[in-house]
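Throughout, protein chains are lettered first and strands after them, A, B, ... in sequence-line order, and every chain is numbered starting at 1.
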Protein chains: 2
Amino acid sequence: MVTMTAAQRREDERERFNVFVSTCPSRTLLERLSDKWVSLVLCALDGGPQRYGELRSSIAGVSQKMLTQTLRNLEADGLVLRTVTPEVPVRVDYELTELGRSLQVVLSGLKQWAETNVPEILEARERYAAANG
Amino acid sequence: MVTMTAAQRREDERERFNVFVSTCPSRTLLERLSDKWVSLVLCALDGGPQRYGELRSSIAGVSQKMLTQTLRNLEADGLVLRTVTPEVPVRVDYELTELGRSLQVVLSGLKQWAETNVPEILEARERYAAANG
DNA sequence: CTGGATCCCCGTAGATACTG
DNA sequence: CAGTATCTACGGGGATCCAG
């Protein structure tokens, strides 16, 4: 076995993880990130640390259960840091980690795309509805 | 305070789309895009038009139902073009529209991020599991 | 009072079988 | 080949309860 060049190693890395293989860890990761609450939570935390209640009110429509569940998953994946301050009442703050910030950049692109292209999408839906039943 | 023109007001309205409002169209759009199959389908179509069966086999683990449903939604939103060729047996091709390609760029960034950062995430999960139950 | 766990109900994803 | 139809099972939403 000859020593690998950096390029070969990079190629090898790329082929180790493939989202199109259903058993690949990158696939399950992509599925977790492709969650409607994940992008909202990460974008909400973009402005800095927030308390649980702040997140809950800034992300309209989220249930306690899903917000807690999403935050726990993000914490376990090292994307969010959870800090408990034992005051009365208890205070829990959430903030992005370095890894979380790098993901937030990508997801804010998706958020931006959605907010920008709403009109085109709505027009397309009307055309589709008119053409079909 | 200067008077707004109608055009300015319309422009202002356009920029008011906010994903954090649960009733905002951009929010429901973001939720549709934040679907685990959407990113996979769009990335699969990045290489060019594909038949239904090709998509089904390239995206391992997708059910006929969800693939059809996802493709129909993407078609209705103007992101994917569906072409039926009345051969025997019938041939159905799917390809990205211009709008779909612009979204694919964003989603492939997410795919790339997932494939790149799998190791960090797995390590974080182990640390979390070790620290907690 | 904040943050979160638990229970129950319902919608929807998913597997299977069938059709133009 | 490219879908529809049907059934079941899992996961999200809401109410309720719990700890600090």
Between [atom2] on [N] and [atom1] on [X], what's the gap in Å once rounded to a whole number?
X	N	atom1	atom2	value
A:Q69	D:dG12	CD	P	5 Å
A:L67	C:dA5	CG	C1'	14 Å
B:R91	D:dA2	CZ	P	8 Å
B:R32	C:dT12	CZ	C1'	15 Å
A:R56	D:dG14	CZ	P	9 Å
A:E75	C:dG3	CD	P	15 Å
B:M66	D:dT4	CE	C1'	15 Å
B:R82	D:dC1	CZ	P	17 Å

Q. Which is true for A:V92 with a 4.0 Å heavy-atom rule: it touches a base, it touches only sugar-phosphate, or it touches nothing?
A.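 It contacts sugar-phosphate atoms only.
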Q: Pick base, sugar-phosphate or nothing for B:E87, based on heavy-atom distances below 4.0 Å to the nucleic acid.
A: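 No contact.
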Looking at [options], which one has an atom nearest to any side-chain atom of [X]?
X	options	result
A:K36	D:dT4, D:dG13, D:dA2	D:dG13
B:V90	D:dG3, D:dG13, C:dG20	C:dG20
A:P89	C:dG4, C:dT2, C:dG14	C:dT2
B:W37	D:dG12, C:dG20, C:dG14	C:dG14

Q: Answer yes or no: is there a side-chain heavy-atom contact under 4.5 Å between A:E115 and B:N18?
A: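 Side-chain contact under 4.5 Å: yes.
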Q | B:E95 side chain reached by B:L45 side chain, heavy atoms, under 4.5 Å | A |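 No. Closest side-chain heavy atoms not under 4.5 Å.
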OP1 or OP2 of [N] sitting under 4.0 Å from any side-chain N/O of [X]?
X	N	value
B:R72	D:dG3	yes
B:R51	D:dA2	yes
B:Y52	D:dT4	no

Q. Got a salt bridge between B:E98 and B:R101, using NZ or NE/NH1/NH2 to carboxylate O under 4.0 Å?
A.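 A salt bridge links B:E98 with B:R101.
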Q) In terms of the nearest nucleotide of DNA chain D, which residue is placed more toward the 5' end: B:K65 or B:G53? A)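 Looking at DNA chain D, the more 5' nearest nucleotide goes with B:G53.
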Q. Nearest nucleotide by nearest heavy atom, which residue falls closer to the 5' end of DNA chain D, A:Q64 or A:D35?
A.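 Checking each residue's closest nucleotide, the 5'-ward one belongs to A:D35.
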Q) Say you draw a straight line from CD1 of A:I59 to NZ of A:K36; how long is it, rounded to the nearest 0.5 Å? A)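 Here the interatomic distance stands at 12.0 Å.
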Q. Testing B:V92, B:D93, B:L71 for side-chain contact (heavy atoms from CB on, under 4.5 Å) with B:L55, which one passes?
A.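 With B:L55 as partner, B:V92, B:D93, B:L71 yield a single side-chain contact (heavy atoms from CB on, under 4.5 Å), made by B:L71.
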